[in-house]
Number of protein chains: 2
Amino acid sequence: MTFAPRPQAGDLSFLKQLNRSAVLEALRQTPGLTRAEVAQGSKLTKVTVGAAVQALLNEGWLQEGDLQRRGGGRPGRALYLNETRHALVGVEIGVHELHVVTCTLRGTILEERHLALLQTTPEETLDRLAILVEEILETPEIKQRECLGLGLAVPGPTSPSQRRLSLAPNLGWRDVALLDMLRERLPHLGGIWLMDNEAKAAAFGEMYFRNAHHPTPGSLLYISAGSGIGSGLVEGRPLRVIRGVHGLAGEIGHTVLQPSGLYCHCGNRGCAETLVSGWSIRAALGISEESELDKAIARHPEQNRVATTLKHAGEALGMLLLNLHHTLNPAEIVIGGSLTRLGPALMEPALTMFEEHQNRLLPDASRIVPRVLDDSRIVAARGIAAEILSQALSDTPASPRSARVEN
Amino acid sequence: MTFAPRPQAGDLSFLKQLNRSAVLEALRQTPGLTRAEVAQGSKLTKVTVGAAVQALLNEGWLQEGDLQRRGGGRPGRALYLNETRHALVGVEIGVHELHVVTCTLRGTILEERHLALLQTTPEETLDRLAILVEEILETPEIKQRECLGLGLAVPGPTSPSQRRLSLAPNLGWRDVALLDMLRERLPHLGGIWLMDNEAKAAAFGEMYFRNAHHPTPGSLLYISAGSGIGSGLVEGRPLRVIRGVHGLAGEIGHTVLQPSGLYCHCGNRGCAETLVSGWSIRAALGISEESELDKAIARHPEQNRVATTLKHAGEALGMLLLNLHHTLNPAEIVIGGSLTRLGPALMEPALTMFEEHQNRLLPDASRIVPRVLDDSRIVAARGIAAEILSQALSDTPASPRSARVEN
DNA sequence: ATAGTTAGTTAACAGTATTTACTTATCAAT
DNA sequence: ATTGATAAGTAAATACTGTTAACTAACTAT
């Protein structure tokens with residue numbers, strides 16, 4: 001499939017919108033800047049910034065804070081994204097659980113809900129999900145806010161339109177119009193609606209919600225190691241998620257690590273997923289239930305079979321990371337997903353493999369770092385909320401200056 | 001390393017520049033459009049387009065063509081990028097050869113020079129290269145034109161600044177400030193100066209110079225299989241080359257295909273480069289000279305050793321393509337580089353491997369296509385020229401309207 | 001010929017950011 | 001306390017850009 005979209009062009013209102021979102025983006029990345037600091041950081045004059053800030057204050061996107069004393073002259077007033085007016089809804093359909101979160105413009109989690117889920121149909125899952133969302137929307141904390149949109153993170157690749165889930169092997173689903181089906185069940189919820197793969201959503205969120213303490217890298221690859229293994233790459237400015245033509249970018253679980261290895265459900269041999277994934281580790285240990293795995297590990301941490309299985313899985317992960325470093329060379333590789341709960345038993349062999357097999361002529365390597373967000377259950381849900389937020393902030397409908405609200 | 005660049009913002013002249021380059025880009029992608037058609041294709045009115053076109057005609061960026069009759073009313077006048085006024089210089093330092101090309105705004109090759117090169121120092125190489133460039137600049141065809149810049153494509157990863165070559169194993173060079181060194185040798189040549197890895201440059205060029213007959217895909221991965229094996233990914237609109245933090249993205253030659261395979265010069269085992277590259281194939285056949293390889297293949301095309309070596313190399317390439325499809329899922333994978341001269345002996349096993357090992361649950365796959373540009377020697381040189389051109393067209397210095405030239 | 005249609009231009013206009021000048025608010029030295 | 005220096009933020013005039021509306025130009029169909 002080919003496309004030749006219109007070359008970017010715009011009128012004066014487009015320029016105004018661009019500058020408004022530049023102001024919002026500056027304050028999102030660095031909360032508490034003053035008008036003058038925003039002006040210095042952009043290519044805009046303080047007059048333009050002042051006008052834009054005034055409008056954004058009137059419209060409820062920004063709020064003012066304390067006076068900031070920085071040296072000699074008149075102190076400026078700190079500006080922040082308004083935490084109190086809007087809400088974003090992020091939803092993840094996991095293999096074993098549903099997760100719903102709401103957060104503010106600054107990424108602060110307001111409410112969260114979790115629901116264990118047995119393997120079932122898309123329809124039943126969405127019925128329950130809709131109830132969960134309705135419930136969270138009725139919370140006093142949320143009800144008073146304007147909802148900017150809802151995002152849905154799913155455990156499999158999405159169609160190019162990002163309205164259908166192409167395949168979710170661990171749910172047994174295939175080519176389901178999940179987004180529209182959820183929307184039918186939540187007819188009153190307006191705003192922006194988005195769907196994305198959970199690893200790509202998580203990648204976006206990890207990148208987007210970085211702050212001064214965890215600075216934003218130039219590019220970030222999120223590895224989601226759970227029942228299967230997927231990844232998401234976020235790159236450059238403005239942030240771009242690499243999705244591929246068919247939405248299959250990041251399906252690293254079917255990268256071949258051992259040409260004569262075990263057979264994978266995809267039909268090939270030695271896929272990464274046959275070595276480092278929830279199901280492959282359980283299969284190697286002869287465990288059928290998800291919950292049994294932790295027990296087995298807790299009970300016999302040094303038991304030969306458990307230890308070597310995790311070691312082999314970790315080494316395979318390390319090899320996978322090496323290959324990804326050589327093909328994508330992201331500034332950071334963030335390891336996430338439910339398998340991270342296995343801790344050093346998995347990660348130490350992985351890191352050892354990664355470090356010992358660097359190209360000896362090219363010692364630079366991607367940094368491998370842990371998640372910033374601690375709770376693995378809400379990474380993807382908050383990530384897809386971040387995708388909503390990013391869209392919302394870059395397209396705040398601007399009214400002409402003549403319609404300015406006087407105060 | 002982290003960066004937090006200024007959020008994009010701009011003044012009125014920025015908007016004007018944006019619209020000017022939208023007009024240029026529309027005419028580059030679809031030569032022969034009329035003012036009215038450009039206006040329909042962008043979000044601009046015909047008045048704005050008319051004014052921009054007038055200015056661009058005056059400044060020599062555009063030229064008018066024949067009247068276009070399309071239905072009822074007054075015919076419009078065809079517009080084209082001006083082929084006669086500017087020139088771009090693209091240079092490739094290959095492992096065995098230097099290539100210099102010049103081309104027009106529409107990518108038409110004006111002149112080319114090639115020079116065989118024995119392994120030598122950067123200094124001597126650049127001395128010879130500078131002479132070659134001076135020579136081509138003195139050609140009557142070029143001398144009358146304005147040179148917009150020079151691009152340099154190199155057989156190895158570049159530093160993040162893209163001013164240094166980090167490593168070129170096949171040349172024995174390491175961390176050389178090639179761009180500045182070349183510039184010192186060509187002090188009179190102004191304009192834009194750029195350096196990039198040859199595979200990335202080729203990828204950009206293959207994407208950028210597509211036309212109605214070879215439509216532009218959504219994303220493109222160029223595989224450069226030569227002495228080593230590298231790749232370049234170009235993605236999205238506006239076009240973006242994925243380079244990685246340290247410029248190491250696309251170094252797929254050091255992706256591991258056989259964990260217990262042959263040792264590679266990078267220190268690891270079973271790298272792609274140990275299976276599918278000029279040196280690995282020669283090593284497998286016990287041939288030391290580059291030129292001997294073609295002779296050996298021509299002499300004994302069905303000889304067991306030759307055939308099985310190429311088959312194994314091809315299968316390894318197919319496996320590599322599979323992994324790249326699963327991690328990047330580009331719309332197109334273009335196979336280039338000097339190894340393509342081996343033809344079906346290499347490519348057939350590769351394509352067979354690729355097709356037979358698709359994920360049986362996800363039948364969509366990246367399309368594997370041959371180069372559009374026939375001559376493999378100038379792909380990278382023309383590609384880096386395209387990078388220059390892309391920069392030049394998006395930043396044509398616009399003068400205020402009051403300074404308009406009357407005619 | 002005449003009406004209808006589309007391309008392109010002109011002049012008046014509306015909207016945006018900037019420049020310049022000004023007010024406000026703090027600090028530091030007297 | 002008073003004064004001067006410095007910086008933040010605002011107001012009015014200005015310059016620049018794209019748009020709207022009206023017009024001319026050029027061709028087709030009847």
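Hydrogens, waters and symmetry mates are skipped; everything else that's a heavy atom, side chains included, is used. Residue numbers begin at 1 in each chain, while the letters A, B, ... track the order of the sequences. Every value quoted in this text rests on a predicted model; they were computed, and no experiment measured them.
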Nearest whole Å is fine: how far is [N] [atom2] from [X] [atom1]?
{"X": "B/L67", "N": "C/dT6", "atom1": "CG", "atom2": "C1'", "result": "13 Å"}
{"X": "A/E64", "N": "C/dA25", "atom1": "CD", "atom2": "P", "result": "13 Å"}
{"X": "A/D11", "N": "C/dA17", "atom1": "CG", "atom2": "P", "result": "12 Å"}
{"X": "A/L15", "N": "D/dT17", "atom1": "CG", "atom2": "P", "result": "11 Å"}

Please report the interatomic distance CD(A/E25) to CZ(A/R20), rounded to the nearest 0.5 Å.
14.5 Å

So, taking the atom named CD in B/Q63 and the one named CG in B/N82, what distance separates them when rounded to the nearest 0.5 Å?
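Between B/Q63 CD and B/N82 CG, I get 4.5 Å after rounding to 0.5 Å.
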
Please classify the nucleic acid contact of A/R69 as base, sugar-phosphate, or nothing, using heavy-atom distances under 4.0 Å.
sugar-phosphate

Closer than 4.0 Å, any side-chain N/O of A/T45 to the OP1 or OP2 of C/dT18?
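Looking at the OP1 and OP2 atoms of C/dT18, one of them is under 4.0 Å from a side-chain N or O of A/T45.
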
Using a cut-off of strictly less than 4.0 Å, decide whether B/N19 has a side-chain nitrogen or oxygen near OP1 or OP2 of D/dG18.
yes

Between the two end axes of the helix from C/dA1-D/dT30 to C/dT30-D/dA1, each built from 5 base pairs, what angle do you get to the nearest 10°?
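Axis angle across the helix from C/dA1-D/dT30 to C/dT30-D/dA1, nearest 10°: 0°.
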
Partners passing side chain to side chain donor-acceptor pair (under 3.5 Å) against [X] (at least two apart in sequence or in another chain):
{"X": "B/R183", "result": "none"}
{"X": "A/N19", "result": "none"}
{"X": "B/D180", "result": "B/R163"}
{"X": "A/R74", "result": "none"}

I'd like a table of atom pairs between the protein and nucleotides 8-10 of chain D - only N or O on both sides, under 3.5 Å - with the distance next to each one.
residue	atom	partner	partner atom	Å
D/dA8	O4'	A/R74	O	3.2
D/dA8	N3	A/R74	NH1	2.9
D/dG9	OP1	A/R77	N	2.6
D/dG9	OP2	A/R35	N	3.2
D/dG9	OP2	A/A36	N	2.9
D/dG9	N7	A/K46	NZ	2.7
D/dG9	O6	A/K46	NZ	3.0

State whether B/Y208 and B/R28 meet the cation-pi test: NZ (Lys) or CZ (Arg) under 6.0 Å from the six-membered ring centroid, and within 45° of the perpendicular axis.
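So B/R28 does make the cation-pi contact.
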
Side-chain donor or acceptor of B/R77 paired with backbone N/O of B/R35 under 3.5 Å:
no

If you only use heavy atoms from C-beta on, which nucleotide in C/dA17, D/dT19, C/dT26 is closest to the side chain of B/T48?
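So the nucleotide nearest the side chain must be D/dT19.
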
